[in-house]
Structures are given as structure tokens and as C-alpha cells.
There are 2 protein chains.
Amino acid sequence: MIALHDIKSPKPEDFPSELEGLRMTKQRREILSVILSKRDHPTANDVFLRAQKRMPTISLATVYNCLEALVSHGIVRQVNFERESSRYCPNLNDHCHFQDESTGQIHDVTFKKGVNLADFLELPQGTEISHLEISLKGRIGSS
Amino acid sequence: MIALHDIKSPKPEDFPSELEGLRMTKQRREILSVILSKRDHPTANDVFLRAQKRMPTISLATVYNCLEALVSHGIVRQVNFERESSRYCPNLNDHCHFQDESTGQIHDVTFKKGVNLADFLELPQGTEISHLEISLKGRIGSS
DNA sequence: AGGGGAAATTGGAATTATTCTAATTTGGAG
DNA sequence: CTCCAAATTAGAATAATTCCAATTTCCCCT
């Protein structure tokens, strides 16, 4: 089974008119397409600039609205590094993020198979995690 | 050996005039004291309001300056939850943060003994991590 | 097909956290 | 005691994001 976020570079037309209960408007489609086409964790403003190329009348407010709609429906993920502006990621698999300080590029980092939060954190028992974000910064050694 | 951040509620006078190479001015002392006295992960503005009680002329800009100085000298940690304003934490032991969504309170969460990043993340080999932040949100079950 | 209405989009203003600036103050070194 | 770099201050500036009020879109009902 192939999920939407596994499709490499879908055109806006490839999306159904509704996704995860979210009405897929022209703008939402375009924004989703932007995010799926170049998976470099763009900021809202990056998305705005890219979306404008094919849809010159789109507004930044709409980009924010659409991103928020996509995020809250679990179609894309919001990614934060400290106080930097949020970035958006279409990879819905369990993963976290590493920012290479020499290039600024952000890489997805997966968890080792079978690991589980409770295996490495002293969580108060009964804790229900609704949201988890792991952000790493560093460099990739030349060795 | 007892470290500064293990002292429960030090008065500003308890600090040496220099700490980790950072000149301890009146204001920095006061701010450090605020952060150590009530370890509830206050925001810069919270710190400002508390510091004002004993030092009515302190400015918010100074609070930001001092916090940045304390953070960059490794005396306190900056803590972020998504796009919320930064919070400050005097616990220098290796730990991460859990925000209880029913109370808003933030709790320190330690790592299980002996666990190591590389044990649970598929890091590209040669990766040097300079900064790691793990932020959890959720609820503590009643059971 | 047509019309009503809720939801989405838009541009611009507003907000919020944080940083910057330039002027003043402070405090240690000589 | 004086000098000077560093720290503090108030207020302005910035940046990201949200809000607002006025359209516009487009689904549903007949």
C-alpha cells in the first residue's frame, strides 16, 4: 500500500477532493504539492514563494491557514528547531530531525527498529504522550 | 560535590563574582537566583516580573541579555515547546521536558541509566551532536 | 441549473516574542 | 582615582505568526 506522502512529486491534480476529512481546495492542493515535491523542510515563507510561482494570487495568510489545516489533519508535520521559524515535513513515518550546522540542511532521522519511548525515558507512570518532538543539531564528521 | 544548580534557593549574594567565566553582575545574580528559586521553567517575561520585585529598575532587555549570557555559558538551559516562548531551566543534568497539557506544568524527564542517543536513533555515522532537545506533551493518566 | 450559506481565501492590520540601538552606567585594572 | 570595556537601560525595530473583516468559493438543497 502506497501512501500519499510516499509519492515523489505529485501534481496538485493528483489529490482527491477530500483528504483525512479535509476539504482539498485549490490552495491546499497546491501547498501540499509544494511540500511533497521538494522535501527540504521549507518554512511557511518558502512554501509561499514556491506556491506563488504557479498560483500568483495566493496570499501568505492562506499559506499559514493551509499549513495549519494540513498539520491539524495529520497530513504534514510541523518541525521546530529552537526559536527558528517552523518548517514543514511530509514524512509521516515516526522520525525526528537533525540539522546539519554546516549546511543548514535538515535530515530526517528514524528510530531504531522496535525502540519505544518508555525504553529510554524515565516517564512518570501513566503518562500519555500526545506529541513528541526531537530536534538535533550538529555536524557530520568527515571521517 | 554539590553544584550550583543543586542548591535549592540561593540568595543572589551566594554567587561568586564570576561563574564559568561569566562576570556575575547584580542583575545576572538576581536572574540566576530567580531561576534557581522556583524551578517551574519560567519564560523571560516571568523572570522579568519576579526579578522586578527585588530589583524594580531592571529592564526586560536586561533579562533577555542576562538569560542569553547564562545560557551561552552553560549555567542555565533554554527550553522550547513548539512555537511557545522560551523557558529557562537550571537543571544541568541530562534530561528533557514533558508538558502536562492539563496543568501546563513542565516536568523534567531523565534518561534511563546508560542510554545513549545512538542506541535508539539511526544517525548517519560520524554525526556529532552539538545540541539535542526532546519535548513531550501529554497527560498523566489517572490510573 | 439556481440560490443560500458555511467555509475558505485575501490583504492588511495587529500581536507577540525577541533583538537591536544608542545613550548611560558600572566596576574592575592599572 | 581614572579609564575603558562591558553591562544595563528604554525604547524602537524586526520577524513570525495570527487576527480581522470583506470577499469569494463551492457544496448542498430544491
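Please read all numbers here as calculations on a predicted model, not as lab measurements. The chains referred to below are lettered A, B, ... by the order of the sequence lines, with proteins before strands, and numbering in each begins at 1.
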Between atom [atom1] in [X] and atom [atom2] in [N], what is the gap in whole Å?
X: F81(A); N: dA16(D); atom1: CZ; atom2: P; answer: 17 Å
X: R87(A); N: dT17(D); atom1: CZ; atom2: P; answer: 10 Å
X: E84(B); N: dT17(D); atom1: CD; atom2: C1'; answer: 14 Å
X: I31(A); N: dA8(C); atom1: CD1; atom2: P; answer: 13 Å
X: Q78(A); N: dT17(D); atom1: CD; atom2: C1'; answer: 10 Å
X: R29(A); N: dT25(D); atom1: CZ; atom2: P; answer: 15 Å
X: D46(B); N: dA17(C); atom1: CG; atom2: P; answer: 10 Å
X: R83(B); N: dA15(D); atom1: CZ; atom2: P; answer: 14 Å

Quiz item: Under the side chain to side chain contact (heavy atoms under 4.5 Å, CB included) test, which residues partner E82(B), sequence neighbours left out?
Solution: N80(A), H131(A), E133(A), K137(B)
Donor-acceptor pair between [X] and [Y] side chains, under 3.5 angstrom:
X: Q27(B); Y: T62(B); answer: no
X: S130(B); Y: E101(A); answer: yes
X: T43(B); Y: D46(B); answer: yes

Quiz item: Quick one: is dT18(D) close enough that its OP1 or OP2 comes under 4.0 Å of any side-chain N or O from Y64(A)?
Solution: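 False: Y64(A) side-chain N/O out of range (4.0 Å or more) of dT18(D) OP1/OP2.
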Quiz item: For dT17(D), does OP1 or OP2 lie under 4.0 Å from any side-chain N or O of S86(A)?
Solution: yes
Quiz item: With sugar-phosphate meaning primed atoms plus P, OP1 and OP2, does T43(A) contact a base, only sugar-phosphate, or nothing at under 4.0 Å between heavy atoms?
Solution: nothing
Quiz item: Aromatic ring centroids of F111(A) and F120(B) under 6.0 Å?
Solution: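 Here the rings of F120(B) and F111(A) have centres that are no less than 6.0 Å from each other.
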Quiz item: When the ring centroid of H41(B) is compared with that of H97(B), is the distance short of 6.0 Å?
Solution: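 For H41(B) and H97(B), the ring centres are under 6.0 Å apart.
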Quiz prompt | Reading 5' to 3' through nucleotides 4-11 of chain D, protein heavy-atom contacts under 4.0 Å coded B for base, S for sugar-phosphate only, - for none | solution = --SSBBBB
Quiz item: What's the shortest heavy-atom distance between F48(A) and S59(A), and which atoms?
Solution: CE1-C, 3.6 Å
Self-check item: Side chains of I129(A) and F98(B) in contact at under 4.5 Å (non-hydrogen atoms)
Solution: yes
Exercise. Determine whether L19(A) and L70(A) make a side-chain contact, defined as any pair of heavy atoms from C-beta on separated by less than 4.5 Å.
Key: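 The answer is no; the side chains never approach within 4.5 Å.
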Quiz item: Once you build an axis from the first five pairs and another from the last five of the helix from dA1(C)-dT30(D) to dG30(C)-dC1(D), how far apart in angle are they, to 10 degrees?
Solution: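 Taking five pairs per end, the axes differ by 30°.
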